[in-house]
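Have a look at the structure below before the remarks.
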Amino acid sequence: MSSHSGRVALVTGAGRGIGRAMADAHADAGAAVIYLDHDRELARAAAEDAAKRGAKAVGLAADVADFAAMAAAVEEGTDALGPIDILVSNAGISPKSGVDGRRADTWDMDAAEWRRVIDVNLTGAFNCVRLVAPGMRDLGRGRIVSTTSVAGRTFCDIVGVHYAASKAGLIGFTKHLAGELGPFGITVNAIAPGRIDTPLMRGTAPEANEAARLATPLRRLGSPEDVASTCLFLTSDAASFVTGQVVDVAGGWLMT
Ligand SMILES: NC(=O)c1ccc[n+]([C@@H]2O[C@H](COP(=O)([O-])OP(=O)(O)OC[C@H]3O[C@@H](n4cnc5c(N)ncnc54)[C@H](O)[C@@H]3O)[C@@H](O)[C@H]2O)c1
């Protein structure tokens, strides 16, 4: 028996980067996995790779900010794999619309950009919980993990104010839901990554990433797998008494 056999996981932003590693970790630990991504081709390819390794997996396309699209995807995923008992809300964006891959200053920020970041990073997580929590309540068990950021806990000059606010919002969201859903056997935690080497991170000015690496006590960037292994712990039976926590996976960077 693998650690997650018999479980069904929905992972958002699973087409690449951290979400792909989290979804793959669950698939390789025996869970059936819904790979959900805005990008249909990435979602399909990731699920197909998992299926080739022997996992039950489906790749579905939806924008997490679109409640109706997410409702349809959850229904399709549940029909294919069964009731969802693990939700990993990971899809997120961090626009760097300033000069040379830097954040926009707040006084220059486009209001539509602010809204889109809040819609994807924060409302997207709400949409997922709204859709899967009733099923978890009926099962009497569940695991919810959201990807926040060290930038949600302290000032980080690399990101914009929309991103920091959305990730701080996810921390309040996590603690509130841990209280509300705990009596139904559902744990709710968040992971706060530091600088993790993904396509999103590579969209930032290289000097900023190098400065972050040098300021990281472990003197390296994180890998998606570093984050995925913590996620797999939080969704496992081994973490059954851990809830309402924000776990930094940051090599000591910022030590929030
Ligand atoms: N990479 C880092 O250094 C870092 C640090 C802290 C937090 N994070 C967070 O980790 C998460 C994953 O980041 P990453 O670095 O892997 O990013 P990434 O851009 O490499 O991958 C994100 C994936 O999410 C998908 N996605 C984006 N918007 C979506 C939407 N609206 N609906 C559905 N899918 C969507 C993308 O298509 C992509 O496949 C994000 O929430 C990000 O904020 C990343």
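Fair warning: this is a prediction, and the values are worked out from it, not measured in the lab. Counting starts at 1 for both ligands and their atoms, following the listed order.
- With hydrogens left out, the protein atom closest to atom 3 (O) of ligand 1 is Ile196 N, 2.8 Å, a heavy atom.
- At least one heavy atom of Gly194 sits less than 4.0 Å from an atom of ligand 1.
- Residue, atom and distance of the protein heavy atom nearest to atom 38 (C) of ligand 1 are Asp37 OD2, 3.5 Å.
- Taking atom 20 (O) of ligand 1 as the reference point, the nearest protein heavy-atom neighbour is Arg16 NE, 3.1 Å.
- The residues Arg220 and Asp226 are annotated as salt-bridged, a charged nitrogen and a carboxylate oxygen being separated by less than 4.0 angstrom.
- At distances below 3.5 Å, at least one donor-acceptor pair connects side-chain atoms of Asp248 with backbone N or O atoms of Thr256.
- Salt-bridge formation is not detected for the pair Arg116/Asp119: no Lys NZ or Arg NE/NH1/NH2 atom is positioned less than 4.0 Å from an Asp or Glu carboxylate oxygen.
- The nearest protein atom to atom 24 (O) of ligand 1, hydrogens excluded, is given as Gly13 CA, 3.3 Å; this is a heavy-atom distance.
- With Arg143 contributing its side chain and Ser236 its backbone, the two residues share a donor-acceptor pair below 3.5 Å.
- Using a 4.0 Å cut-off between heavy atoms, Met22 makes no contact with ligand 1 at all.
- Only side-chain heavy atoms of Val120 come within less than 4.0 Å of ligand 1; its backbone N, CA, C and O stay farther off.
- When non-hydrogen atoms are compared, ligand 1 lies under 4.0 Å from the side chain of Lys167 (C-beta onward) but not from its backbone.
- Of the protein's heavy atoms, His38 CB, 3.8 Å lies nearest to atom 29 (C) of ligand 1.
- Counting protein heavy atoms only, atom 12 (C) of ligand 1 is closest to Asn90 OD1, 3.4 Å.
- Ligand-side atoms of ligand 1 in range of Gly92: 40 (C), 41 (O), range being under 4.0 angstrom from any heavy atom.
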